[in-house]
Amino acid sequence: MAGRYRQLPPNPRGHFPIALMGVELGIWQGSYLDVELPWLRWWEANGRLLPSGWEQASLAEGRAELAEQQVHAERQRAEAPAKKLRRLGVDPDAP
């Protein structure tokens, strides 16, 4: 039936599988862009909700902020011994 559409029943989750893509299309109830509605969303074939582009960007931003905080904390930890030496009157950078 190439070029024709046919109605398919939903799976037990109420989603419509698209086998060639390995995804499902289904309704997700939630807030998106500050609007609470049922939204049409993509799901993995195992039923896990796929993040939207906005959600992916937000997650990446959060990971970047966490990495930045970790670098800052590590830098402070690494500088602590030199600061202590300076307080004791020792120049840690002297040859």
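Computation of the quantities below employed the complete heavy-atom set of this structure, encompassing side-chain atoms and omitting hydrogens, waters and symmetry-equivalent molecules.
The minimum heavy-atom distance linking Gly26 with His15 is given by the pair CA-CD2, 3.7 Å. In this structure, Tyr32 and Ser52 approach most closely via the heavy-atom pair CE1-OG, 4.1 Å.
Residue Glu68 places its CD atom among 12 or fewer non-hydrogen atoms of other residues, nucleotides or ligands, all under 6.0 Å distant.
Both Leu50 and Met21 belong to a common hydrophobic cluster when Ile, Leu, Val, Met, Phe, Trp and Tyr are linked at side-chain heavy-atom distances under 4.5 angstrom. In the hydrophobic clustering of this structure, Trp54 groups with Trp39; members are Ile, Leu, Val, Met, Phe, Trp, Tyr whose side-chain heavy atoms approach within less than 4.5 Å, directly or through other members. A continuous path of hydrophobic side-chain contacts links Val23 to Leu40 [ILVMFWY only; heavy atoms under 4.5 Å]. A single hydrophobic cluster is not seen to contain both Ile18 and Phe16; linkage of ILVMFWY side chains at heavy-atom distances under 4.5 Å, directly or through other members, places them apart. Both Trp28 and Leu37 are assigned to one and the same hydrophobic cluster, defined by single-linkage of ILVMFWY side chains at heavy-atom distances under 4.5 Å.
A donor and an acceptor atom, one from each side chain of His72 and Gln76, are located under 3.5 Å apart.
Between Glu44 and Glu24 there is no side-chain heavy-atom pair separated by less than 4.5 Å. With contacts defined as side-chain heavy-atom distances shorter than 4.5 Å, the pair Trp42/Leu49 does not qualify.
To the nearest 0.5 Å, atom CD of residue Glu74 and atom CD of residue Glu79 are 10.5 Å apart.
In summary, Glu55 and Arg41 engage in a salt bridge, as defined by a charged side-chain N under 4.0 Å from a carboxylate O.
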